[in-house]
Amino acid sequence: MSLRLYNSRTRAVETFTPLDGNRVRIYMCGLTPSADPHLGHARSMLFFDVLRRYLDFLGYAVTYVQNVTDIDDKIIKRAADEGVTWHDIVEKYYGSFAASLDKLGVRRPEVEPRATEHVPKIIEIIRGLERKGIAYESDDGVYYSVRAWPAYGQLSGRHIDDLLESVRIDASEHKRDPLDFALWKKQKPGEPAWESPWGPGRPGWHIECSAMSWEYLGEPFDIHGGGLDLIFPHHENEVAQTEPLLDGGFMANFWVHTGLLFFDGSKMSKSLGNFVPLEEELRRHDPRALRTLFLQIDYRKQANFTVDSIAAATKGLQRLDETLADLAVRGGVAHLDELEALDALRAPAPAAESMVRALREALDADMSTAGALAALFGWLPGTRALEGEPAAQAARALYGAMWILGVAPRVERTARPADLLNSGQVEQLRGLYAVEVGPAPNGKQPGEMVEEIVELRDKARRARDFARSDSLRDALAGAGIVVKDGKEGSTWSVVR
RNA sequence: GGCGACAUAGCCAAGUGGUAAGGCAGAGCUCUGCAAAAGCUCCAUCGUCGGUUCGACUCCGACUGUCGCCUCCA
């Protein structure tokens, strides 16, 4: 049993074996922060986050590099439009992106290198290409000569002559061939610039990834990732820039591309303007529900985002959460620890064996996260009868499985549900508390107030004063707090 | 025009040459003062038409439809 992944380079599912012992080196094309990041960006980051987690679980030492292309035409234009520097634009949008990924529970990469901080390596590669006769200088920059590299087009399956037929490529008097692309752009008035052998200027798009992957991972490395829309021209060009300097070697062993996200039936993209801003979506939905939604869809397929699908995912996740909580209670597990949970998965107890086997089979088969989720849901009914140690084992295994998928509940969150209340709801709660108990002192925690009111309601229920108990329940519901009566007493949670 | 992907129940969505995972919604039941939650049970023959095969939803071909890349894009 071992991990198999679809490799865009060979167009086949292949067994994944690291190039260098136990080390797995991954380079992921991050973001060009020139506008608000959207849900589509999150989708690919989310997939690679799960891949990383699974590789971790399998015992590999993963190095994950995700770049920031912090200089390009759009950033410069945006800066001019907003009257700020290019750097301000990068900080603004990259900051928003990083904050959103944190909320989504995407683990930070080991390295987040920026193009502008790697100009020396970029220059080194361009010079190497010049020496090979593959790059040439013209009046406005340095270009890559597509015809000088016979393998050009192999990764994306294009033929130079087919590309030429495309009506959308503009011929330029600065290039020898319309398909040639810029490695270095000479400075135009008002543009930011870095020193180079060709005078002040800036890197073209594509070259930064060749430079930074080489710098941090070495060549060749194991996995190069990105959205499917990057395969051409971006990744094709990366290969073309890198491999001529490797004496017959290749750049990346596996190329893994994630499918694109659609909204209202067409691709979510900056230029079409039909995207769902990530920040906004995260305000509207539980980040873990978004993760669950994407887990249900094969990572390579295009996915259509709808409001209904996110609602469905939210419900499904709740069931996992509740079962986990039940198992923890029945097993007497006070705290669910991530490392302990992963150990529980590596050597599964009888209660969890079938689930762990199904989970691993699914993930091994080209990261079928949908199958992994099905493995969890299919196993839930069998856990109902577990008590004591088996329940504890099941709880740990479930927590570990949810951790790999990135949907494990955050402990501090479940410990303090009242933190989910917004300020308006807290005000309502204070009002209610004042009426039922008395004015709340300043330091009174919302959670304590809820507890006391719920206790009042339980007293009423025990006294069979259902009118009062129902009115208290309604009042709490008005503040976003839902009370549910179970065999062990009443529980409450916050809904948004 | 070139290259490519996809078409599975009300919705989202896996999957296999031998008679279809899962989630949501829906129906019934259990529990319950009520409600909610939860649990149990039920709910598709896989775009159309041909072909290969003992047998295809799964392979091949044609067709129809949707979408992507070819320009910045996760």
Side-chain angles (χ1 to χ4, degrees), chain A residues 11 28-32 34-35 37-48 66 69 72-74 77 97 153 156-159 161-170 179 205 225-234 236 257-262 265-272 275 278 292-293 295-298 300-320 322-323 326 358 362 365 368-381 384-385 461 464-467 469-470 473-474 477 482-487 490-491 493 495:
Chain A
R11 294 177 182 74
M28 169 70 174
C29 279
L31 193 74
T32 302
S34 64
H38 57 67
L39 210 49
H41 296 115
R43 184 191 182 192
S44 15
M45 303 305 155
L46 247 17
F47 172 72
F48 276 90
Q66 186 177 92
T69 299
D72 89 322
D73 294 349
K74 282 192 178 171
K77 182 173 184 307
F97 180 60
S156 59
R158 321 262 154 158
H159 302 285
D161 296 328
D162 292 341
L163 288 170
L164 263 184
E165 283 179 22
S166 164
V167 289
R168 300 198 240 179
I169 292 176
D170 294 323
L179 294 174
W205 185 44
L228 194 60
D229 52 353
L230 291 180
I231 195 166
F232 189 90
H234 186 55
E236 190 68 59
H257 291 103
T258 55
L260 301 176
L261 187 65
F262 287 64
S266 61
K267 180 185 158 187
M268 202 176 279
S269 81
K270 294 178 196 171
S271 47
L272 291 178
F275 60 86
L278 188 49
T292 307
L293 172 63
L295 286 172
Q296 289 178 317
I297 310 168
D298 186 296
R300 288 198 279 137
K301 276 197 178 166
Q302 65 181 43
N304 197 28
F305 179 78
T306 65
V307 176
D308 288 349
S309 58
I310 183 71
T314 306
K315 286 286 184 62
L317 178 63
Q318 274 172 13
R319 262 180 69 209
L320 289 178
E322 302 209 4
T323 305
D326 283 354
S368 172
T369 52
L373 222 41
L376 299 194
F377 281 112
W379 169 79
L380 294 187
R384 306 294 170 210
R461 280 186 71 222
R464 303 194 69 78
D465 182 358
F466 297 126
S469 113
D470 287 353
R473 181 169 64 197
D474 291 346
V482 176
V483 184
K484 297 170 187 169
D485 303 324
K487 286 194 177 110
S490 303
T491 59
S493 56
V495 292

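Hydrogens, waters and symmetry mates are skipped; everything else that's a heavy atom, side chains included, is used. Below, chains carry the letters A, B, ... as their sequence lines are ordered, and counting in each starts from 1.
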**Prompt:** Atom CG of A/D308 and atom P of B/rA13: how far apart are they, to the nearest Å?
**Reply:** 12 Å

**Gap between atoms CG and P, on A/D326 and B/rC31 respectively (whole Å)** = 19 Å

**Asked** Is there a side-chain contact between A/L261 and A/H38, using heavy atoms and a 4.5 Å cut-off?
**Response** no

**Complete:** In RNA chain B, stems of three or more consecutive pairs, Watson-Crick or G-U, each with both distances under 3.5 Å, turn out to be B:1-7 with B:64-70, B:10-12 with B:22-24, B:26-30 with B:38-42, B:47-51 with B:59-63

**Request:** Would you indicate what A/L317 reaches in the nucleic acid, counting non-hydrogen atoms under 4.0 angstrom: base, sugar-phosphate, or nothing?
**Result:** nothing

**Integer angstrom distance from the P of B/rA37 to that of B/rC69** = 42 Å

**Request:** Please report the shortest heavy-atom distance between A/H257 and A/G227, naming the atom on each side.
**Result:** CD2-O, 3.5 Å

**A/S368 OG to A/L373 CG distance, which is reported to the nearest 0.5 Å** = 9.5 Å

**Prompt:** To the nearest angstrom, how far is A/F377 atom CZ from B/rG15 atom P?
**Reply:** 17 Å

**Message:** Counting only side-chain heavy atoms from C-beta out, which of B/rA74, B/rA14, B/rG39 sits nearest to A/R384?
**Reply:** B/rG39

**Prompt:** Looking only at atom C1', what distance separates B/rU8 and B/rC57, rounded to whole Å?
**Reply:** 8 Å

**Prompt:** Quantified in whole Å, what is the P atom distance between nucleotide B/rU45 and nucleotide B/rG10?
**Reply:** 10 Å

**Prompt:** Closest heavy-atom contact between A/E236 and A/G153?
**Reply:** OE2-N, 2.8 Å

With 3.5 Å as the limit, what N/O pairs link the protein to nucleotides 42-46 of chain B?
none

**Prompt:** Of the nucleotides B/rG68, B/rA74, B/rC24, which has the atom closest to the A/H41 side chain?
**Reply:** B/rA74

Quick one: side chains of residues 306-313 of chain A, donor-acceptor pairs under 3.5 Å with protein atoms, not counting sequence neighbours, listed by atom name and distance.
unit_1 : atom_1 : unit_2 : atom_2 : d
A/T306 : OG1    : A/S309 : N      : 3.0
A/T306 : OG1    : A/S309 : OG     : 2.9
A/S309 : OG     : A/T306 : N      : 3.3
A/S309 : OG     : A/T306 : O      : 2.8

**Item:** Which atom of A/A372 lies closest to which atom of A/A362, heavy atoms considered
**Value:** N-CB, 3.4 Å

**Asked** When you compare B/rA27 with B/rA36, how far apart are their P atoms, in angstrom units rounded to a whole number?
**Response** 12 Å

**Message:** By the 4.0 Å heavy-atom rule, please label A/L260 as base, sugar-phosphate, or nothing.
**Reply:** base

Under 3.5 Å, which protein N or O atoms sit close to an N or O of nucleotides 33-37 of chain B? Give each pair with its distance.
unit_1 : atom_1 : unit_2 : atom_2 : d
B/rG33 : O6     : A/R461 : NE     : 3.3
B/rG33 : O6     : A/S469 : OG     : 3.4
B/rG33 : N1     : A/D470 : OD1    : 3.0
B/rG33 : N2     : A/D470 : OD2    : 2.7
B/rC34 : O2     : A/R473 : NH2    : 2.7
B/rC34 : N3     : A/R473 : NH1    : 3.0
B/rC34 : N3     : A/R473 : NH2    : 3.4
B/rC34 : N4     : A/D485 : OD2    : 2.7
B/rA35 : N6     : A/D485 : O      : 3.3
B/rA35 : N1     : A/D485 : N      : 3.2
B/rA35 : N3     : A/R473 : NH1    : 3.0
B/rA36 : N1     : A/D485 : O      : 3.1
B/rA37 : O2'    : A/E322 : OE1    : 3.0

**Item:** Same-atom distance (C1') from B/rC12 to B/rG28, integer angstrom
**Value:** 25 Å

**Asked** Is there a donor on the side chain of A/K74 or the base of B/rC72 sitting less than 3.5 Å from an acceptor on the other?
**Response** yes

**Asked** Separation of A/F232 atom CZ from B/rG4 atom P, in whole Å?
**Response** 15 Å

**Item:** P gap between B/rA74 and B/rC43, integer Å
**Value:** 45 Å

**Prompt:** Within the distance-only criterion (no hydrogens, no angle test), does the side chain of A/R43 pair as donor or acceptor with the backbone N or O of A/G259 below 3.5 angstrom?
**Reply:** yes

**Asked** Going from CD on A/Q302 to CG on A/L228, what distance comes out if it is rounded to the nearest 0.5 angstrom?
**Response** 9.5 Å

**Message:** According to salt bridge (charged side-chain N to carboxylate O under 4.0 Å, His left out), who are the partners of A/D229, at least two apart in sequence or on a separate chain?
**Reply:** A/K267

**Request:** Would you kindly give the CZ-to-P distance between A/R158 and B/rA5, to the nearest whole Å?
**Result:** 12 Å

**Prompt:** The side chain of A/P233 lies closest to which of these nucleotides: B/rC72, B/rG39, B/rA14?
**Reply:** B/rC72

**Request:** Ignoring backbone atoms, test whether A/K77 places a side-chain nitrogen or oxygen under 4.0 Å from the OP1 or OP2 oxygen of B/rC72.
**Result:** no

**Request:** Starting from P on B/rG22, measure out to CG on A/L293 and report it in whole angstrom.
**Result:** 19 Å

**Fill in**
Here the distance between atom C1' of B/rC24 and atom CG of A/L295, to the nearest Å, is 16 Å

**Interatomic distance at P, B/rU58 relative to B/rU19, whole Å** = 15 Å

**Asked** Which sits closer to the 5' end of RNA chain B, A/G227 or A/A365, going by the nucleotide each is nearest to?
**Response** A/A365

**Spatial distance of atom OG1 (A/T292) from atom CD (A/Q318) [nearest 0.5 Å]** = 10.5 Å

**Same-atom distance (P) from B/rA14 to B/rU53, integer angstrom** = 33 Å

**Message:** For a quick test of reading the model, state the closest non-hydrogen atom pair linking A/G30 to A/Q66 and the distance between them.
**Reply:** CA-CG, 3.7 Å

**Prompt:** When rounded to the nearest 0.5 angstrom, what is the spacing between OG1 in A/T32 and NE2 in A/H41?
**Reply:** 8.0 Å

**Message:** Let me spell it out: for each of A/I231 and A/G259, pick the nucleotide of RNA chain B with the closest heavy atom. Which residue's pick is nearer the 5' end?
**Reply:** A/I231

**Closest nucleotide among B/rG2, B/rC67, B/rC40 to the A/P381 side chain** = B/rC40

**Prompt:** Between B/rG15 atom C1' and A/D298 atom CG, what is the distance in whole Å?
**Reply:** 11 Å

**Request:** Output all residues satisfying salt bridge (charged side-chain N to carboxylate O under 4.0 Å, His left out) with A/R319, sequence neighbours left out; order by chain, then residue number.
**Result:** none

**Message:** Show the nearest heavy-atom pair for residues A/S490 and A/D485, with the distance to one decimal.
**Reply:** OG-OD1, 2.8 Å

**Prompt:** Which nucleotide, B/rG2, B/rC12, B/rA74, lies nearest any side-chain atom of A/S309?
**Reply:** B/rC12

